[in-house]
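These values consider heavy atoms only, across backbone and side chains, with no hydrogens, waters or symmetry-generated copies.
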Amino acid sequence: MNIVMVASECAPAAKAGGLGDVVQGLSRELSLRGNQVKIVLPKYDCLQYERISELQQAYADLWVPYFDEQIHCDVYRGSAEGLDCFFIEPHSAQSFFSRGKLYGDGDDPARFAFFSRAAMEFLYKADIQPDIIHCHDWQTGLVPVLRYEIYEPLGLGHPRICYTLHNVGHQGTTSDQVIRQVGLDYYSVMTGPRLLDTNRGNAVNLMKGGIVYANFVTTVSPHYAGEILHTERAGALRTTLQIHRDKFGGILNGVDYRVWNPESDENIAARYTVDSLPEKAKNKTALRRRLMLQDAQKPVVAVVSRLDHQKGVDLMKHAVHFALASGCQFVLLGTSPDQSVNDDFWALKHQFNDNPDCHLELSYDDELSHQIYAGADMMVVPSVYEPCGLTQMISMKYGVVPIVRNTGGLADTVFDANYSERAFYERNGYVFNDYTADGLESAMRRAIGLWYDHPEYFRQLRINGMRYDYSWSHPAQHYLDVYHHIAA
Ligand code: ADP
């Protein structure tokens, strides 16, 4: 099939979190199965240019409607570690994608609404006629709307649209100016059943538009699909999802084992598999050296995460204290766009500055993240909610035992060592229910206890996790089934 991904992220060129991993991993798997996959992205000034080869101008004369004007864009084409990517660069005073970061500005909805219109205009003008357009999250929620309202009448073939919700905590709610900005007909789209955010007066909900107009809507785990259909998690979108439930389903994300694999990872000190697990110890030593932690007979407990409320920042802080008090070392890698959250973690970092068992690295560092997965013994993922979560699945591949809260995709992938109803060889971590310090401690205490008192069982738990197949193999087949279903 001919598939075009339209997204705000694709690793390694542009990644802020799991969305970038998913677009990369799914696209790669679809390509390997013989599909033609193109990816359309903004040309951010902060792209990882060293990871893109053969970057050159592919289309020079793209004029994209913007209110009553047109903005001139260049489109570049390059190969991001084998993926065929198009990067849209607008030339305008707003410098939409020259902000030194992907997200975090007040005009984000306008920036990505512009990108959605530009991506569709590009497909139309360059006469790219995919069977499927697959778009992602609120940033590209207007793509299905624009396809139906503007480009189909103009004759842009019949691409079917799959729209994936990676996190309904961010819906792209914005002023109705955006309708005029992208050239949609106000009275046609600003209705309750379409783009109007029923909770907020005259606001537009970009994600709602994507859900209403797409041919099929997926989210990133079966458990999260149930949560957003049946609980308050999605806010007013719950009703929209219920109306459209016949074209909605959860498909668990995969992990790209070409990127995340201790057997071939070039970022780590020693490569290992289930059969050479003792080699993992060398990565623990290397991690300690890099982060100036002492060599000691202690487990390394880690967190690798955006420091966002959703990720459970309060419990992360509690985990630091509890791990240190329980005879562990603690390593955290994370950043937040929210200054007050960053300040909190900087204060914590200063508090443990001289502690030889603790290191907080408050930055985004891809290489270090690989080294932490390779060197750690346990990974804490205490999310308030978690649509899918990749860190727990990556952890398992590296023989790190995840300690997670029972929510969303974490509930679909981690099975408690003591309380799961699964056979022992299928148990792969520790799970707690309540978002409380006691809840977290109950799981951490059991994990740390096992490491100290029953190392052979702990080793078996690592191996159980490493043997799981959380690759893209199954999810990509699911997506292909969806594509064929909507293309039929
Ligand atoms: P989300 O998409 O909500 O951020 P996921 O668990 O789906 O969460 O994906 C997180 C991805 O981002 C993982 O690949 C993780 O290793 C990576 N990551 C998170 N924070 C950092 C960081 N500070 N530095 C490097 N990688 C990070």
S.K.: Do Lys397 and Tyr373 meet the cation-pi criteria used here (NZ or CZ under 6.0 Å from the six-membered ring centre, within 45° of the axis)?
M.R.: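 No, a cation-pi geometry is absent between Lys397 and Tyr373.
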
S.K.: Salt bridge between Arg290 and Glu367, side-chain N to carboxylate O under 4.0 Å?
M.R.: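 Yes, this pair counts.
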
S.K.: Could you tell me whether Asp416 and Arg446 make a salt bridge, using a distance below 4.0 angstrom between a side-chain N and a carboxylate O?
M.R.: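 Arg446 and Asp416: salt-bridged.
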
S.K.: Can you confirm whether the side chains of Glu361 and His359 place a donor and an acceptor under 3.5 Å from each other?
M.R.: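 Their side chains do contain a donor-acceptor pair, which is all the 3.5 Å distance test asks for.
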
S.K.: Are Arg271 and Glu279 within salt-bridge range, i.e. N to O under 4.0 Å?
M.R.: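 Result for this pair is no, no salt bridge flagged.
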
S.K.: Take Tyr430 and Asn418 through the test side chain to side chain donor-acceptor pair (under 3.5 Å) and record every step on the way to the result.
M.R.: CA-CA 8 Å; Tyr430 289 89; Asn418 304 119; 4.7 Å; no

S.K.: What orientation do Phe86 and Phe122 show, parallel under 30°, tilted 30 to 60°, or perpendicular over 60°?
M.R.: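 Correct class here is tilted.
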
S.K.: Could you check whether atom CD of Glu54 has more than 12 heavy atoms from other residues, nucleotides or ligands sitting under 6.0 Å from it?
M.R.: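 Atom CD in Glu54 is not packed in, count stays at 12 or less.
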
S.K.: Could you check whether the rings of Tyr457 and Phe424 sit parallel, tilted or perpendicular, using 30° and 60° as the cut-offs?
M.R.: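 Tyr457 vs Phe424 ring planes: perpendicular.
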
S.K.: Name the residue from Lys15, Arg258, Arg51 that meets the salt bridge (Lys or Arg N to Asp or Glu O under 4.0 Å) definition with Glu81.
M.R.: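 For Glu81, the salt bridge (Lys or Arg N to Asp or Glu O under 4.0 Å) check succeeds only for Arg51.
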
S.K.: Does the gap between the ring centers of Phe352 and His321 come in under 6.0 Å?
M.R.: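 Distance test on ring centres: under 6.0 Å, yes.
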
S.K.: Looking at Arg99 and Asp107, is there a salt bridge between them, counting it only when a charged N and a carboxylate O are closer than 4.0 Å?
M.R.: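 A salt bridge is present here (some side-chain N lies under 4.0 Å from a carboxylate O).
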
S.K.: To the nearest 0.5 Å, what is the distance between CD1 on Ile228 and CG on Leu237?
M.R.: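 Between Ile228 CD1 and Leu237 CG, I get 8.0 Å after rounding to 0.5 Å.
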
S.K.: Assess whether atom CD of Glu50 is packed by more than 12 heavy atoms of other residues, nucleotides or ligands within 6.0 Å.
M.R.: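 Buried by this count: over 12 neighbours within 6.0 Å.
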
S.K.: Could you walk me through whether His166 and Asp137 satisfy the side chain to side chain donor-acceptor pair (under 3.5 Å) test, starting with their C-alpha distance in whole Å, then the side-chain angles of each, then the deciding distance to 0.1 Å, before giving a yes or no?
M.R.: CA-CA 6 Å; His166 295 257; Asp137 258 354; 5.0 Å; no

S.K.: Hey, is Asp434 close enough to Arg405 for a salt bridge, meaning N to O under 4.0 Å?
M.R.: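 No.
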
S.K.: Just verifying a value: how many Å separate Arg306 CZ and Tyr364 OH, rounded to the nearest 0.5 Å?
M.R.: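 Answer for the CZ-OH pair, Arg306 versus Tyr364, is 11.0 Å.
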
S.K.: Applying side chain to side chain donor-acceptor pair (under 3.5 Å) to Tyr479 and Thr218, what does each step give before you reach the verdict?
M.R.: CA-CA 9 Å; Tyr479 275 107; Thr218 68; 3.2 Å; yes

